[in-house]
Colleague: 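First the structure, which I've put down as structure tokens, then a few questions once you've had a look.
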Amino acid sequence: MKLTLTILPGDGIGPEVTAEALKALQAIGQRFGHLIETQSALIGGAALDALGIPLPDETIKTCENSDAVLLGAIGGPRWDRNPPALKPESGLLGIRKALGNYANLRPARIFTALKGASTLKPEVIEGVDLLIVRELTGGIYFGKPRGFAGGGATDGNLHDSAHKVIEVKDAVVGFNTEIYSVGEIERIVRMAIELARSRRRRICSVDKANVLESSQLWRHVAARLAATCPDVQFTFMYVDNCAMQLVANPAQFDVIVTSNLFGDILSDEAAMLTGSIGMLPSACVGGRVPLFEPVHGSAPDIAGQNLANPLAAILSVAMMFQYTFHLSEEARTLERAVESVLAEGFRTRDLLSSSVPGITRVSCNEMGDRVVNGIMQS
Ligand code: IPM
Ligand code: MG
């Protein structure tokens, strides 16, 4: 197979973890006889520094002309004071939207070797294997009206004042809109149903229907689809309860389907079940070209020091093989290589609470090298 991939290294630890993921990718290519061509493009703070915008058209074009995209991370304190449209984050949101990827798949499962790394008791995380299906191109992240308004703004004239560009420093109110259409809810719930069918056939739809109209519609539409799928068991949960259940009894979940904002929050929480957010891969799918990215951020505090955990980026490549190229053997080989490196006791800094006998601390690129060895020896 010939695959063309766009790499968006981004900011902070992004370039370091994507470099390791690329090594693992090329090792899989060699081992299974795939020709993998890669090209890279600018996004986020890196694009702001070079070109003054977080998502250049050239980057969108490069992504559109590839089979898949791998993104590192974006953001950092240097750009935090920029106005919203010139923050690195708007580059990330923009590329998800430009590629039409409305579904973000965020799995969390426990690696046997990392049971001790979780802050939860081993018996609580035993058997955790869940998939968060987060809506990605709608909801409060994109809803309009949004903005800042001045002192005259009341509920009645918010729409008018939203058109005036007011900076945060002059604002008296800030506002956003949570909005979902039937079509947006249907397509994400359908995607969750398909995914549940290849898993344990259970879906928990998470909302805040006791307070929000957008959630009431979400629940209504999800329940209507649930009634047409007797082979999948549906449950409904309020997001506050779900946040609690995720730490109280996380093994009860199979697929969780939820909105953009709730999915953002719950997936960080789910990540910690595994011991480190540095372990969690993700896939943004449903559009023209899928995009894969680790769930973690750009970690500016450890950037450029070869300390980052590249496993989430490497596991994102495994998701790419699984979900996009339907090459399960390649995906499993990558995952097994990660499992065996962990089983042999190698850990990046984030996975070490204190020095434990039999555990060796490794740098970002040593971890990558060890995964590559694992792939080549399998
Ligand atoms: C994530 C991140 C992003 C999001 C930020 C960086 C815009 O938190 O991918 O979870 O909120 O989607
Ligand atoms: Mg997040």
Side-chain angles (χ1 to χ4, degrees), residues 8-15 17-18 21 43-48 53-55 59 63 69-108 130-143 146 176-178 180 184 188 206 239 242-243 246 256-274 276-287 290-301 303 308-309 312-313 315-316 319 350:
L8 305 175
D11 310 319
I13 59 169
V17 298
T18 47
I43 196 166
L48 277 164
I53 43 170
L55 181 60
T59 296
C63 292
V69 179
L70 177 69
L71 182 138
I74 54 97
R78 269 199 310 129
W79 307 282
D80 275 353
R81 286 166 174 272
N82 287 12
L86 292 180
K87 281 196 199 297
E89 285 75 3
S90 73
L92 176 58
L93 300 178
I95 192 70
R96 290 170 177 168
K97 189 90 172 171
L99 299 175
N101 288 319
Y102 63 84
N104 187 202
L105 318 184
R106 298 189 156 184
L130 61 89
L131 175 66
I132 295 183
V133 179
R134 167 190 179 193
E135 199 291 325
L136 200 60
T137 50
I140 200 163
Y141 273 56
F142 294 94
R146 64 185 297 162
N176 294 86
T177 303
E178 169 80 353
Y180 273 112
E184 284 175 310
I188 190 77
V206 174
V239 62
C242 182
L246 269 174
I256 292 176
V257 64
T258 191
S259 66
N260 204 342
L261 181 65
F262 296 159
D264 177 48
I265 299 166
L266 295 177
S267 60
D268 267 31
E269 190 186 4
M272 274 320 287
L273 303 173
T274 68
S276 165
I277 197 161
M279 292 301 299
L280 216 74
S282 93
C284 307
V285 297
L291 180 144
F292 298 82
E293 49 171 317
V295 171
H296 62 69
S298 59
D301 53 321
N309 181 352
L315 291 168
S316 298
M319 288 189 85
D350 54 309

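Here, residue 1 is the first one in the sequence, and each next residue gets the next number. Both counts, for ligands and for their atoms, begin at 1 and track the order of listing. Predicted model only: the values in this text are computed from it and were never measured.
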Colleague: Side-chain contact test, heavy atoms from C-beta onward, threshold under 4.5 Å: evaluate it for Asp11 versus Arg78 and give yes or no.
Modeller: no

Colleague: Run the numbers for me: atoms of ligand 1, each under 4.0 Å from some heavy atom of Tyr141, listed by number.
Modeller: 4 (C), 11 (O), 12 (O)

Colleague: Could you identify the single nearest non-hydrogen protein atom to atom 7 (C) of ligand 1 and state the distance to 0.1 Å?
Modeller: Glu89 CG, 3.8 Å

Colleague: Report yes if some heavy atom in the side chain of Met319 is under 4.5 Å from a heavy atom in the side chain of Pro107; otherwise report no.
Modeller: yes

Colleague: Any N/O/S atom from Asp268 (main chain or side chain) under 2.8 Å of the Mg ion (ligand 2)?
Modeller: no

Colleague: Does ligand 1 have a heavy atom under 4.0 Å from the side chain of Arg96, from its backbone, from both, or from neither?
Modeller: side chain

Colleague: So, does Val295 sit close enough to ligand 1 that a heavy atom of it is under 4.0 Å from the ligand?
Modeller: no

Colleague: Is Val239 close to Ile265 at the side-chain level, that is, under 4.5 Å between some pair of heavy atoms?
Modeller: no

Colleague: Can you find a pair of side-chain heavy atoms, one from Leu130 and one from Leu273, that are under 4.5 Å apart?
Modeller: yes

Colleague: Could you tell me which N, O or S atom of Asp264 is nearest to the Mg ion (ligand 2)?
Modeller: OD1

Colleague: Is the backbone N or O of Lys97 less than 3.5 Å from a side-chain atom of Thr137, with the two atoms forming a donor-acceptor pair by type?
Modeller: no

Colleague: Do Arg134 and Asn260 make a side-chain contact, defined as non-hydrogen atoms from C-beta onward lying under 4.5 Å apart?
Modeller: yes

Colleague: Would Arg106 count as a polar contact of ligand 1, with the cut-off being nitrogen or oxygen pairs under 3.5 Å?
Modeller: yes

Colleague: For ligand 1, is there an N or O atom under 3.5 Å from any N or O atom of Asp268?
Modeller: no

Colleague: Could you establish whether Lys87 and ligand 1 come within less than 4.0 Å of each other, counting only heavy atoms on the residue side?
Modeller: no

Colleague: With side chains defined as the heavy atoms from C-beta onward, is the minimum distance between Leu131 and Leu105 less than 4.5 Å?
Modeller: yes

Colleague: For atom 2 (C) of ligand 1, what's the nearest protein heavy atom and its distance?
Modeller: Asp264 OD1, 4.0 Å

